[in-house]
Amino acid sequence: MARNEAKVIRAQEGLLIFETEIGKDFRVQVPKNVRHNIETDGKVRITIEKT
């Protein structure tokens, strides 16, 4: 999977699970189409699970 690529695993109201690579500096890129669904002052939970 390319560094800037993400694969949506599950999507429903209030929940979105996607897979992506983590860079060497441990940064995760959230895809633009996902960012549009999150309010700028909204709270989210991010869980990192090694697959």
Side-chain angles (χ1 to χ4, degrees):
M1 186 176 298
R3 166 88 169 95
N4 58 358
E5 183 179 312
K7 178 180 176 184
V8 176
I9 304 299
R10 184 171 163 198
Q12 64 188 55
E13 189 170 338
L15 174 69
L16 177 69
I17 300 172
F18 67 93
E19 286 183 348
T20 189
E21 295 286 329
I22 294 180
K24 291 181 182 179
D25 56 358
F26 294 97
R27 292 185 187 193
V28 176
Q29 289 187 335
V30 178
K32 287 183 181 180
N33 59 346
V34 173
R35 282 185 253 161
H36 293 296
N37 295 317
I38 301 171
E39 297 176 18
T40 55
D41 60 348
K43 290 185 178 182
V44 298
R45 177 179 21 179
I46 298 173
T47 304
I48 297 174
E49 178 181 320
K50 185 177 178 184
T51 57

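Of the inter-residue distances, the one linking Ile17 atom CD1 with Glu19 atom CD reads 10.0 Å to the nearest 0.5 angstrom. Atom OG1 in Thr20 sits 12.5 Å away from atom NZ in Lys7 (nearest 0.5 Å).
Clustering ILVMFWY residues whenever any of their side-chain heavy atoms sit less than 4.5 angstrom apart, transitively, puts Val8 in a cluster other than the one holding Leu15.
Enclosure of atom CD1 in Ile48 is not indicated, since only 12 or fewer non-hydrogen atoms of other residues, nucleotides or ligands lie within 6.0 angstrom.
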